[in-house]
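Since we're looking at a predicted model, the values are computed, not measured. We count ligands from 1, going down the list as the structure has it; atoms in each ligand are counted the same way.
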Amino acid sequence: MNRRNRFLWFSAFVCCSVLPEQSRAQSRPAADLIITNAKVWTVDKSLPAAQSVAVLGDRIVSVGSDADVATWRGPQTHVIDGGGKLLLPGFNDAHVHFVSGGMQLDNIQLNDASTPEEFARRIGERAKITAKGEWILGGNWDETKWNPPNIPNKELIDALTPDTPVFVSRYDGHMGLANSLALRLAGITAKTPDPPGGTVVRDAQGNPTGALKDAATEYIDKVIPPLTHDQRLKIVRRALAYAASVGVTSAQHMVASYEDIGIYSELLQRGELTTRIYAAPSITHVDDLAKLGIGHAFGGPYLRVGALKAFADGSLGSGTAYFYEPFLNQGNNRGLLSEEMHPISLMRDRYMKADTAGLQICTHAIGDEGISTILDLYTELIKAHGETDRRLRIEHAQHMAAKDFERFAQLHVIASVQPYHAIDDGRFAESHIGHDRASRTYAFRTFLDQGVRLAFGTDWEVAPLNPMLTVYAAVTRATLDGKNPNGWFPEQKLSVAEAIEAYTIGSAYAEFQEKEKGSITPGKLADMVLLSDDIFTIAPEKIRDVRVLRTFVGGRMVFDAAAGHQ
Ligand SMILES: [Zn+2]
């Protein structure tokens, strides 16, 4: 049966479900795929649990008991025995940097370097196998794991990298360390000013130490040669295979470049796009998207555009998240508004343009005043343009002012949050901002209690893409240093069901796709993941070890642990 006939038939079925069972069974086509004998958790309140799912084309057609769904079986139906394992809707990561993530799979790994010496050693080893003049990038170093936790400087690596430019990033993406060659290529000297929204870290004599914060990293970005088309294609393919292997069936790519979107489009044409992508270019490109005349979620089931990503401030770890009160351990520093907020009217104008064009706005905001300032701008926007279903988002929504929860809910702003950051930043947040502010950090429970919609994501490459780590983080809030086995601010823990809901239908809502995906419901896209263990019943601390057995996107098996990548 061709696609069109299937679709016509399917529409007829949906409209005429009052037909007697017998005549329906005779006239309908058989399913392409049936997964039987599974513990299906649907995230659909009308039928939360089931045993079996039938798929026709790329859509789910039946969910129920093994016997019910078996009526869809025909001679050509591919039947998969779920082995009694847990079957969930595919995970939808609401905030990823998909290409940086793919790059990271190849890049140097510094995150678990537990001393500055180990950090330097790994960079030296990498330089030995790197062609002369080629850059060493990535890294995700984390100095908070060192004793003392000092920000690294170029002296640590210069002697090991005389001919290799190095710019390795801090794990939060808000700081990087350049070696002397990289500084020279970028023309950064003692005379280089701090750009708005950025800092060139300097020693007592005023010379750059190599560490660059936020907007200052752009000095270096400008001299790193851009990826070639083939490099980017290879990276995206690698990211797609990896996403399939961890059960991520949809990814919302924040700050996607036009080149990234071009690669997705190329892979879509070839039928190779195995993760559904919603691409959000930088809001600095608002004029381009407005000119195109497309609104939010424009495109098809595999590739959509129409959201814009903005930045209000920096991060907690880099001391650049924007707070009402200073950090506890950094003099008068209370963070920075981003370059895009200088002046704030620049952001307001871009919001107004985006909203007039029907584009969706996603704004990174981490510090309490950063978040509050964005809520002010969103309020102005709604006042100016009227209420409509625009699904404004705040990405991270990390440190909330007590006064802002209610307003967050009233404005129907979506909290697009990354629970893994809670167990990561939770290691040091209190020393940076104190107990009171820390108590409203990653306040997932308070958000739900206030009626705020949550969307879950990872911020990959900043944090791991594996959804099991995110669910684990939301459910246990056990910090990575092992110091809070019962949870860091345990009152903010979520249940497994709540975490899955935020990661599936919650993220789908955040991209205007909750009618198309996010639950195992007849009529929706057949995006599903079969897990090695039942995360509802195992000990919560075991959730992080759970593996994906099979991943389906549109009914197509894109990962099979038994067979490797397909
Ligand atoms: Zn991000």
- Task: Kindly indicate whether a cation-pi arrangement holds for Arg334 with Tyr324, taking the cut-offs as under 6.0 Å to the six-membered ring centre and within 45° of the axis.
- Result: no
- Using 2.8 Å as a strict upper limit, say whether an N, O or S atom of His364 approaches the Zn ion (ligand 1) that closely.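 Within the cut-off used here (under 2.8 Å), His364 places no N, O or S atom near the Zn ion (ligand 1).
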- Check the pair Ile394, Tyr378 against side-chain contact (heavy atoms from CB on, under 4.5 Å), reporting the backbone distance first and the verdict last. CA-CA 10 Å; Ile394 288 189; Tyr378 282 175; 3.8 Å; yes
- Please work out which of the three classes, parallel, tilted or perpendicular, describes the rings of His95 and His97, given edges at 30° and 60°. perpendicular
- Note on the structure: Of all the N, O or S atoms in His95, the one nearest to the Zn ion (ligand 1) is NE2
- Message: If you consider just the N/O/S atoms, which atom of Asp459 is the closest one to the Zn ion (ligand 1)?
- Response: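 Minimum-distance N/O/S atom of Asp459 relative to the Zn ion (ligand 1) is OD1.
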- Taking the six-membered ring for Trp and the full ring for Phe, Tyr or His, determine whether the centres of Tyr278 and His253 are under 6.0 Å apart. no
